[in-house]
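A quick write-up on the structure given underneath.
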Amino acid sequence: MTPDDLVDAIKAAVAASLADGALAGTMPDEVMVERPRNPEHGDYATNVAMRLAKAAGRPPRDVAAIIAERLRQVDGIASVDVAGPGFINVSLAAASLGETARIVVRAGEAYGGNGNLVGETVNLEYVSANPTGPVHIAHARWAAVGDALSRLISASGAKVTREYYFNDAGSQIDRFAASLLAAARGEEPPADGYQGEYVADVAADVVQAHPGLLEAGADEALATFRHDGVELMFDRIKQTLHRFGVDFDVYFNERDLHASGAVDRAVERLRAAGHVFEADGAVWLRTTDFGDDKDRVIVRSNGQPTYFGADLAYYIDKRNRGADRVIILLGPDHHGYFGRMRGLVAGLGENPDDSLEIIIGQLVSLRGGRMSKRAGNLVTLDELMDVIGVDAGRYSLVRWAMDSPIDLDLDLWASRTQDNPVFYVQYAHARLSSLARNAAALGIERSADPDLGLLAHPRETALLGALAEFPRVVAGAAELRAPHRVARYLEELAGLYHRFYDACRVLPLADEPGASVTDARLWLCEATRIVLANGLGMLGVGAPDRM
RNA sequence: GCCCCCGUAGCUCAGCGGACAGAGCAGGCGCCUUCUAAGCGCUUGGUCGCAGGUUCGAUUCCUGCCGGGGGCACCA
């Protein structure tokens with residue numbers, strides 16, 4: 001019996017009690033079961049009686065007693081108790097809980113998925129670092145989180161487009177080109193320019209591809225640096241992210257929006273809707289009509305559009321490509337973007353609550369020193385991977401709630417000890433793989449019809465209960481846009497496995513025949529291995545067979 | 001001044017309205033002739049920043065303070 005099956009059984013018990021007049025009221029909108037922290041409270045607990053009590057006009061414990069009586073008749077339920085203020089605590093029969101192992105093994109790689117978002121098309125944009133410098137660790141957080149989120153939302157049945165937006169049309173590109181030219185000439189970068197080794201590297205690559213470039217006129221040289229320099233940065237960024245295991249379905253260039261006239265059309269659409277006015281020689285959007293704290297310029301007095309026009313055109317483009325929901329992950333310095341973008345979308349006549357979701361996460365810092373892109377001594381994603389590797393890099397960035405600033409301790413994440421959470425989880429998987437190899441070497445195979453009711457040791461039932469939770473963890477993490485929940489769950493699961501391993505011998509000792517309990521435990525072990533592998537896979541972290 | 005995020009054990013953090021608030025680390029004491037000791041067990045440690053409100057029930061939701069971080073461009 002899965003948690004979802006239990007929910008159905010509880011609903012049926014409530015419905016029957018309502019139908020025959022034992023209870024007054026109506027079915028609650030949502031019936032929840034959760035695993036109690038205290039094992040004495042059974043395998044599952046529900047608060048449904050407390051929710052029903054008011055409408056039923058009876059004390060919660062009385063309501064609970066009525067529902068509990070019906071639940072006791074359900075196959076697979078061993079005992080039902082009413083406890084505390086009105087909780088109904090349910091314990092499953094060992095065989096019913098043990099079936100979880102079979103369910104997991106049969107589903108294999110598909111275990112953990114759900115159909116909650118079937119039919120929905122999501123456009124998920126993240127990283128979108130400007131092509132004026134390498135990917136640094138603040139971007140890396142969105143690479144890790146965004147990629148994990150895309151996997152979780154996919155696992156919930158939605159169609160996801162993973163998208164990267166290159167801001168290759170703004171004034172920062174002019175500064176970048178000027179910085180490249182200065183570097184090529186061996187001069188100091190201009191004020192507000194970019195510095196760092198990569199600037200000289202890229203400049204040298206451009207010069208190598210265009211001999212005589214420095215003898216050309218400054219305008220021509222700048223144009224070349226601008227074009228080729230940006231292309232080279234695109235390549236470097238994609239290469240770094242690919243090494244990190246992060247690839248996108250669409251790399252979108254801002255300049256295409258300008259070149260195609262999409263920006264002008266977007267502005268015209270707003271003008272037609274009556275939200276545009278002119279002042280001080282510039283064109284403004286009245287975003288205050290939609291809750292923004294001040295109106296925004298969309299076309300500067302010099303005729304150049306601001307990034308708002310491009311952002312709006314980009315949003316329209318995503319919607320036209322079929323996205324029901326546009327999700328954008330951004331750093332904390334962009335939180336002002338939220339109100340403006342909502343204003344823009346509302347100006348189109350759409351409800352931003354339905355189609356736009358902007359997720360603001362906090363900073364990543366390293367040994368107290370905050371990353372600053374212009375400072376020149378940035379810590380890049382490549383350097384992070386060099387020091388702690390891809391798996392630890394991804395895991396360390398995805399393990400925290402997005403609202404929490406991260407202070408990465410590189411020494412910890414580079415270590416191969418139990419303090420390092422990624423190694424703790426991966427080690428559990430490696431141990432399980434080793435166990436499977438040893439079983440095979442002994443000629444022991446899982447039978448087709450295990451007696452899973454033998455999995456009755458407290459550490460076995462705790463492990464089974466956690467395995468049964470996995471699909472709900474995945475669904476919840478996807479819904480709440482919180483991949484860290486999967487990481488925390490895996491750490492918990494790894495701990496439960498290590499404790500099981502410590503207490504329950506799986507393989508027979510020498511001269512002992514393989515017993516049916518060995519068979520059942522091999523099913524449990526394989527189920528655990530599958531969940532660890534699937535969970536790590538959703539975070540984009542490897543599940544090694546040996547360590 | 002306005003806006004966003006945070007405040008939970010010595011440290012780093014988890015807890016989408018429920019039972020005695022949890023984990024890891026750090027400190028203390030134990031467990032390897034048997035499946036990976038990169039592991040496990042026991043143990044010390046809390047006015048969930050403060051004050052109100054909503055609720056049968058608040059660490060969780062709302063308001064106001066206090067403290068910390070980050071934003072408020074015709075830069076992106």
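Here is the naming used below: chain letters follow the sequence lines, and residue numbers restart at 1 for every chain. These values consider heavy atoms only, across backbone and side chains, with no hydrogens, waters or symmetry-generated copies.
- Ring centers of A:F234 and A:F166: under 6.0 Å apart, within the cut-off.
- In A:E445, the CD atom is not crowded: 12 or fewer heavy atoms of neighbouring residues, nucleotides or ligands sit closer than 6.0 Å.
- The closest side-chain donor-acceptor pair between A:Y307 and A:R340 falls under 3.5 angstrom.
- Distances were taken from every side-chain heavy atom of A:N89 (C-beta onward) to each of B:A19, B:G71, B:A14; the shortest belongs to B:A19.
- For A:K54, the listed nucleotide lying nearest its side chain is B:C56; candidates were B:C5, B:A19, B:C56.
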Intra- and inter-strand pairs of RNA chain B in dot-bracket (Watson-Crick or G-U wobble, both distances under 3.5 Å; | for another strand): (((((((..((((....[...)))).(((((.......))))).....(((((..]....))))))))))))....
Residues A:E479, A:R472; criterion salt bridge (Lys or Arg N to Asp or Glu O under 4.0 Å); working and verdict: CA-CA 10 Å; A:E479 185 187 339; A:R472 305 206 302 172; over 6 Å; no
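- Proximity note for A:R37 (side chain, C-beta onward) versus B:G22, B:A76, B:U34: the nearest is B:G22.
- Looking at heavy-atom distances under 4.0 Å, A:A45 makes contact with a base.
- When each of A:G84 and A:R431 is assigned the nucleotide of RNA chain B bearing its nearest heavy atom, the one mapping closer to the 5' terminus is A:G84.
- The phosphate of B:C75 (OP1 or OP2) has a side-chain N or O of A:R300 nearer than 4.0 angstrom.
- Here A:S434 lies in heavy-atom contact (under 4.0 Å) with a base.
- Nucleic acid contact class of A:D280 (heavy atoms, under 4.0 Å, all strands): base.
- Seen from the ring of A:Y198, A:R236 does not count as a face-on cation partner, given the 6.0 Å and 45° thresholds.
- Here B:C13 presents its C1' atom at 14 Å from CZ of A:R485, a figure rounded to the nearest Å.
- Stacking of the aromatic ring of A:F87 onto the base of B:A19 is found: the ring centres lie under 5.5 Å apart and the planes are inclined by under 30°.
- Phosphate proximity of B:A76 to A:T132: absent, as no side-chain N or O sits under 4.0 Å from OP1 or OP2.
- Stacking between A:H484 and the base of B:A14 is absent under the criterion of ring centres within 5.5 Å and planes under 30 degrees.
- Residue A:R399 is classed as having no contact, given no heavy-atom separation below 4.0 Å to the nucleic acid.
- Regarding A:E492, its CD atom lies at a distance of 16 Å from the P atom of B:A14, rounded to whole Å.
- Using P as the reference atom, B:G53 and B:U44 are 36 Å apart when rounded to the nearest Å.
- Counting non-hydrogen atoms under 4.0 angstrom, A:R488 reaches the backbone sugars and phosphates but no base.
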Step-by-step side chain to side chain contact (heavy atoms under 4.5 Å, CB included) determination, A:L454 to A:R521: CA-CA 9 Å; A:L454 294 172; A:R521 285 176 176 169; over 6 Å; no
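- Straight-line distance from the NE2 atom of A:H498 to the C1' atom of B:C35: 14 Å, rounded to whole Å.
- Rounded to whole Å, the distance from CH2 on A:W400 to C1' on B:A14 is 12 Å.
- Look at A:Y424 and you'll find a side-chain N or O under 4.0 angstrom from OP1 or OP2 of B:C40.
- Checked against the 6.0 Å centroid criterion, the rings of A:Y164 and A:Y126 do not qualify as a close aromatic pair.
- At a threshold of 4.0 angstrom between heavy atoms, the contacts of A:D545 include nucleobase atoms, whether or not backbone atoms are also involved.
- Within 4.0 Å of A:C504, counting heavy atoms only, lies at least one base atom of the nucleic acid.
- A side-chain donor from one of A:S447 and A:D519 sits under 3.5 Å from a side-chain acceptor of the other.
- Using a 4.0 Å heavy-atom criterion, one finds that A:N438 contacts the sugar-phosphate atoms exclusively.
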Give every donor-acceptor pair under 3.5 Å between a side-chain atom in residues 41-55 of chain A and any protein atom, sequence neighbours left out.
unit_1: A:D43; atom_1: OD2; unit_2: A:L92; atom_2: N; d: 2.8
unit_1: A:T46; atom_1: OG1; unit_2: A:M32; atom_2: O; d: 2.9
unit_1: A:T46; atom_1: OG1; unit_2: A:V48; atom_2: N; d: 3.2

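- Here the side chain of A:W284 is nearest to one of B:C16, B:C74, B:G71, namely B:C74.
- Contact annotation for A:R521: no contact, since no heavy-atom pair falls under 4.0 Å across all strands.
- Nearest nucleotide to the side chain of A:L363, out of B:G18, B:C75, B:G70: B:G70.
- Here the C1' atom of nucleotide B:U12 and the CG atom of A:D419 are 12 Å apart, to the nearest Å.
- At least one side-chain nitrogen or oxygen of A:R499 sits closer than 4.0 Å to the OP1 or OP2 atom of B:G41.
- Taking the six-membered ring where the residue is Trp, the centroids of A:Y424 and A:H498 are separated by under 6.0 Å.
- Following rounding to the nearest Å, A:L435 (CG) and B:U34 (P) show an atom-to-atom distance of 16 Å.
- Within 4.0 Å of A:D174, counting heavy atoms only, lies no atom of the nucleic acid at all.
- Within 4.0 Å (heavy atoms only), A:N38 reaches at least one base atom of the nucleic acid.
- Rounded to whole angstrom, the span from the CG atom of A:D411 across to the C1' atom of B:C25 amounts to 15 Å.
- Following rounding to the nearest Å, A:H334 (NE2) and B:A76 (P) show an atom-to-atom distance of 11 Å.
- Residue A:K294 places no side-chain N or O under 4.0 Å from the OP1 or OP2 atom of B:C72.
- Using a 4.0 Å heavy-atom criterion, one finds that A:Y501 contacts the bases of the nucleic acid, with or without backbone contacts as well.
- Taking the side chain of A:M547 as heavy atoms from C-beta on, and the options B:A14, B:A38, B:G17, the nearest nucleotide is B:A38.
- Residue-level contact check: A:R296 touches neither bases nor backbone, having no heavy atom under 4.0 Å from any strand.
- Contacts of A:A83 with the nucleic acid, taken as non-hydrogen atoms under 4.0 Å apart, include base atoms.
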